[in-house]
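The chains referred to below are lettered A, B, ... by the order of the sequence lines, with proteins before strands, and numbering in each begins at 1.
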Amino acid sequence: MKPAPFEYFAPETAEEALALMAEHGVEARPLAGGQSLVPLINMRMAQPSVLIDLNRCPELAYLRGEDGMLVSGPMTRQRELELSETVRAACPLIAKAMPYMGHATIRNRGTAGGSLSHADPSAELPGVALALGAEMIAGGPNGRRTVPATEFFFAELTTALEPDEMLCEIRFPEAPAGSRAAFAEVGSHFGGLALVGVAAQIDLDSAGRCTKAALAATGAGERPTRLSSTEAVLTGEVLEKQSIAEAAEAAAGDVEPLEDLHATAHWRRRAAVAMAARVLHEIADEAGTR
Amino acid sequence: MTARREVRVTVNGRAYARNVEPRMLLVDFLRHECGLTGTHVGCAHGVCGACTIVLDGVSVRSCLTFAVQAEGKEITTVEGLADGESLTALQQAFHENHALQCGYCTPGFLMSLTEFLRETPNPDEGQIRERLSGNLCRCTGYANIVSAVQMAAQRLREKGGVS
Ligand SMILES: Cc1cc2nc3c(=O)[nH]c(=O)nc-3n(C[C@@H](O)[C@H](O)[C@H](O)COP(=O)(O)OP(=O)(O)OC[C@H]3O[C@@H](n4cnc5c(N)ncnc54)[C@H](O)[C@@H]3O)c2cc1C
Ligand code: FES
Ligand code: FES
């Protein structure tokens, strides 16, 4: 099948892009990397009548450190997040999760903002953003507003963005010194959309005790889920076999998985527990506490 | 129908200018407008990799890009790899290792792996297989493709070259 006709705009500044979105409203979709939107258009599961291509707005693609934050433009490519030294140093969790997102050729094109705005419940970056407590800066006709990750993801493919709003910037708090990060997921094949994943960043004191735990699961609900019970069990503990087992098991109560063609809700719940255990063991091994 | 737009691109060093509808996919542009039928369409939704080309220096899916997005840009397709009759090290290694059978997937593999060898001159098998996960082959079972990449990588390292 071929795409249905649409009107195409290629603005050169963010301001122009926002003006076009305000003008065309719900009829229009921004086109970022196209790695999720174009398949939908090709299969005619999406038929936007206006496409606003953000690929000619260089000002939307950047990465920089700023006041303890790693700040990314929406059009920064996933491949850059994967390979950038700035990202590796500031937010190692992002660099660790990125290789799981599709394939190198997909990440060459796919963007940070596209993945977060698309909000697939199994996608890695939304889970990472939730675990890290990222902030999304949305821009629209009434100016800019900041939406914390906890309020950004509503449901499958649904975010807090209004139809005339654009995700303009993503701000990730830098990992504190002494913290460690890990990502794990399970799926049918490497590079395909995963079934269930867990992202973790754990702050450890000099004695190897967890002072703060941040974990989020993907694919275990209609949106990425913070594993608050796991975090509570872990805080104040040294990561070793027993504490990890208890903390991971607590994840079963945090997730609200749905049943679909690929897996039962029960399977997804157990997979979230298993992935939580896997990331915590990886962190304990790295920290030498196990 | 929506207004046609002019698309001017350089493909394998040659300039093309055509008027196309915005909805025309880059892969259809290359095949039907430029007559470069080496780039194949397997799935048209990003999963098979048969349509992989190089746009602005990086590998991309030409079925997930509209032709209008390539306006003013440089493209390399599989036809741009060999220098006349002389194959690249990777193409030669595909030939010697029987890394293709029907050949439908081959252009996509070559485009993706050419980039891979430039970025990863000394890959281990795990890295090769991870990279191969982005392209589907229904014939070979991949083993011979892995061997071809290993042979090409070794020859390129001996030569100290890239292509
Ligand atoms: C073969 C294959 C494998 C994949 N595997 C994975 C995987 O394992 N994990 C994974 O997470 N993803 C995977 N994906 C999808 C991922 O690659 C996409 O990159 C991502 O979901 C969307 O990013 P994009 O930049 O391509 O956005 P697009 O496809 O261009 O856009 C996606 C949606 O977001 C909207 N949008 C884009 N940018 C903005 C913005 N700045 N403001 C508001 N709305 C915006 C668009 O209008 C559209 O609705 C895969 C894709 C393919 C083709
Ligand atoms: S035809 Fe483009 S990936 Fe299959
Ligand atoms: S050689 Fe036939 S699909 Fe790969």
Side-chain angles (χ1 to χ4, degrees), chain A residues 1-10 12 27 29 31-58 61 77-80 82-83 98-111 114 187-193, chain B residues 1-5 7 20-28 32 41 43-73 108-109 111-116 118-120 126-136:
Chain A
M1 206 184 288
K2 297 295 174 196
F6 52 80
E7 231 186 313
Y8 173 82
F9 295 95
E12 287 176 9
E27 296 299 306
R29 291 306 309 154
L31 173 61
Q35 305 300 293
S36 289
L37 183 54
V38 181
L40 293 172
I41 290 176
N42 288 355
M43 294 186 273
R44 297 207 180 185
M45 287 159 73
Q47 294 196 18
S49 54
V50 176
L51 279 188
I52 301 166
D53 186 355
L54 305 180
N55 287 279
R56 293 195 194 257
C57 301
R77 307 287 170 185
Q78 294 155 8
R79 186 74 170 154
E80 192 176 345
E82 175 187 0
L83 300 176
M98 220 33 69
Y100 292 95
M101 280 190 90
H103 315 281
T105 300
I106 301 298
R107 295 191 294 275
N108 276 342
R109 204 67 193 156
T111 64
S188 62
H189 61 285
F190 187 81
L193 209 54
Chain B
M1 281 281 278
T2 44
R4 287 172 176 260
R5 291 170 72 109
V7 175
V20 302
E21 277 190 86
R23 64 167 161 168
M24 176 175 270
L25 296 171
L26 183 54
V27 66
D28 292 331
H32 304 311
V41 191
C43 67
H45 58 264
V47 300
C48 77
C51 67
T52 306
I53 57 156
V54 169
L55 174 68
D56 264 359
V58 295
S59 68
V60 306
R61 300 285 203 244
S62 61
C63 74
L64 299 185
T65 314
F66 296 106
V68 286
Q69 296 188 274
E71 157 65 21
K73 302 205 184 260
F109 273 96
M111 299 315 287
S112 170
L113 291 169
T114 300
E115 175 180 66
F116 172 71
R118 200 174 54 231
E119 291 170 353
T120 322
Q127 288 171 308
I128 296 173
R129 287 192 177 271
E130 183 176 332
R131 184 67 186 219
L132 293 187
S133 73
N135 294 68
L136 296 180

Open item on the list: Is B:Arg131 close to chain A through its backbone or its side chain, or both, or neither, when contacts mean heavy atoms under 4.5 Å?
Closed with: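 For B:Arg131, the contact with chain A is made by the side chain alone.
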- [ ] Under 4.5 Å heavy-atom distance to chain A, tell me which part of B:Arg5 shows up: side chain, backbone, both or neither.
- [x]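 Interface part for B:Arg5: side chain.
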TODO: Select, from B:Asp28, B:Thr52, B:Leu55, B:Thr65, the one with the greatest count of heavy-atom pairs under 4.5 Å involving chain A.
DONE: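 Ranked by heavy-atom pairs under 4.5 Å with chain A, first place is B:Asp28.
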Task: Winner by heavy-atom pair count (cut-off under 4.5 Å) against chain A, out of B:Gly134, B:Ser59, B:Cys43 - done: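 With the most close heavy-atom pairs to chain A, the winner is B:Ser59.
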Open item on the list: Side chains of B:Gln127 and B:Thr120 only: does a donor on one sit below 3.5 Å from an acceptor on the other?
Closed with: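 Side chains of B:Gln127 and B:Thr120: no pair found under 3.5 Å.
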Open item on the list: Run the side chain to side chain contact (heavy atoms under 4.5 Å, CB included) test on B:Phe66 and A:Val38 for me, step by step, so that the C-alpha distance in whole Å, both residues' side-chain angles and the decisive distance to 0.1 Å come before the verdict.
Closed with: CA-CA 9 Å; B:Phe66 296 106; A:Val38 181; 3.8 Å; yes
Open item on the list: With rounding to the nearest 0.5 angstrom, report the CG to CZ distance, A:Asn108 to A:Arg79.
Closed with: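 Here the interatomic distance stands at 6.0 Å.
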TODO: Return the option, out of A:Ile106, A:Thr105, A:Leu40, with the maximum number of heavy-atom pairs under 4.5 Å with chain B.
DONE: A:Thr105
Open item on the list: Test side chain to side chain contact (heavy atoms under 4.5 Å, CB included) on A:Arg56 and B:Glu71; report intermediate values, then the result.
Closed with: CA-CA 11 Å; A:Arg56 293 195 194 257; B:Glu71 157 65 21; 3.6 Å; yes
- [ ] Indicate yes or no: does A:Lys2 engage B:Glu21 in a salt bridge with an N to O separation below 4.0 Å.
- [x]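 Looking at A:Lys2 and B:Glu21, the cut-off is not met.
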Task: Which portion of A:Ile41 sits near chain B, non-hydrogen atoms under 4.5 angstrom - done: side chain
